[in-house]
Each structure stands twice: as structure tokens, then as C-alpha cells.
Peer 1: 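Here you go, one structure.
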Amino acid sequence: MKEGKLIVISGPSGAGKGTVIKKYLEKHPEDELSVSMTSRPMRDNDIANVTYYFKTKEEFEKAILNGELLEYAMYNGNYYGTPKNEVEKRIKKGINVILEIEVVGAMNVKKMMGDKCTLIFIMPPSMEELKERLMNRGTDSMESIKGRLDIAKKEIKESKKYDFKVVNDDLDKAVSELEDIIKNNII
Ligand code: 5GP
């Protein structure tokens, strides 16, 4: 049986990658998004075990020691990581798995998986637009927004290491570019 593809998608917080991925998956329910583990506090729109597996710092560190994670990273003061088992099982079944993760984790996946994974970076139209989106989202404190903007600048520099870049200035266009990359035999 043909194995599924591992697709790693990164982009600054507020670039709209969550929305692009959600719309892509509505059109392609045969592909699946990996649910990450995190030690960050839940937000109002989070659903436990759906948006993330929420863990304490101690529980997360135990998972690292037990080798349960494919990759993990610290982002804005909290741990985030990809459960290894679930990803491997789906890929073996022939399912394409999407990881929505930040750049440090993405680079680690690339090191481990090489050509077996494809890295896609979702770009915001501009830094100004990014700031506006984060403020309008209303889910983060001013301090957290500042932290996310500082990280965004560094992440955008790293985007040159990705296989593909998709600029999210128009949602439908961004989704169709993602479809081209994943479905039309580019990878
Ligand atoms: P948020 O707190 O906004 O949900 O996520 C913050 C950042 O962590 C985002 O860039 C998101 O893509 C990234 N992230 C989410 N899950 C994982 C993961 O499992 N591993 C890594 N390395 N980053 C993740």
C-alpha cells in the first residue's frame, strides 16, 4: 500500500494558516490534521483533545522522556509537540497527515524525515496586516501579541528553508495553491 505524505505547514501566528488548513480539509476530508500536545493555557475557542491535548509542564516533560513525540519545541514560553504514534499509524494507512507547527519543530522534522516530508510556509501579506489580525482576534494579551510579532519576524527569515511558500492575501487563492502542492503530484 502507498504510504501517506507528511505535510508540515508553518507560518506566523495570525497569518491565517489555521483557516487555510481548515478550508483545505473541508474540501479534502481524506487528509488529516495531527493534534498536538501543548502546555499552554486553553483559550476560549479551544476544545480539549480536538484543538490540542492540554498537558501540564510536568506531563509534557514526561512525554518527551518517554519518546512519545516526533518533535517538540518551546514557543512563547510553552511546550508544543507532535505525538509520534498517531502520525506514523496514519501514514502507514496511506493517509496524508498535516502538521501545523512552528519553525524549530519543522526543521527537526525535515532533519529526521528528509524527502519523506514537505515543508510549506504560509506568509501574511505584510507585518502591518499581521499585527492587525492578532489584535482583532482578541484572544491574546498585548504582551503575548508582542511576543508573537517578535517570533514572526524571525520565522519569516526562516521561510527560505521551506519547499513552498503560500501568501495568504486571499483565502480561496491560498487554499487552491495548497491543493496544487499537495494533490497535483508536485510532491
Ligand atoms: P498557538 O498557541 O497559537 O495555538 O500556537 C503557537 C505556535 O505553536 C503556532 O505557530 C503553532 O503552529 C505551533 N505549534 C502547534 N503545535 C505544535 C507542535 O506540535 N509542535 C511545534 N513545534 N509547534 C506547534
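Counting starts at 1 for both ligands and their atoms, following the listed order. None of these values were measured; they are calculated from a predicted model.
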Peer 1: Could you check whether E71 and T82, counting side-chain N and O atoms only, form a donor-acceptor pair closer than 3.5 Å?
Peer 2: yes

Peer 1: We want to know whether Y53 and S36 form a side-chain donor-acceptor pair, criterion being a heavy-atom distance below 3.5 angstrom.
Peer 2: no

Peer 1: Compute whether any side-chain donor of one residue and acceptor of the other, for D163 and T118, lie under 3.5 angstrom apart.
Peer 2: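 No, no side-chain donor-acceptor pair sits under 3.5 Å.
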
Peer 1: Measure the acute angle between the ring planes of F121 and Y162, then classify it against the limits of 30° and 60° as parallel, tilted or perpendicular.
Peer 2: perpendicular

Peer 1: Do we see a donor-acceptor contact under 3.5 Å between the side chains of Y24 and D31?
Peer 2: yes

Peer 1: Mind running salt bridge (Lys or Arg N to Asp or Glu O under 4.0 Å) on K161 and E158 for me, showing each step along the way?
Peer 2: CA-CA 6 Å; K161 297 179 185 159; E158 292 291 299; 2.8 Å; yes

Peer 1: Heavy-atom cut-off of under 4.0 Å around ligand 1: list whichever protein residues fall inside it, by chain and number.
Peer 2: K17, S36, R40, R43, Y52, E71, A73, Y75, Y80, G81, T82, E100, I101, E102, G105, R148

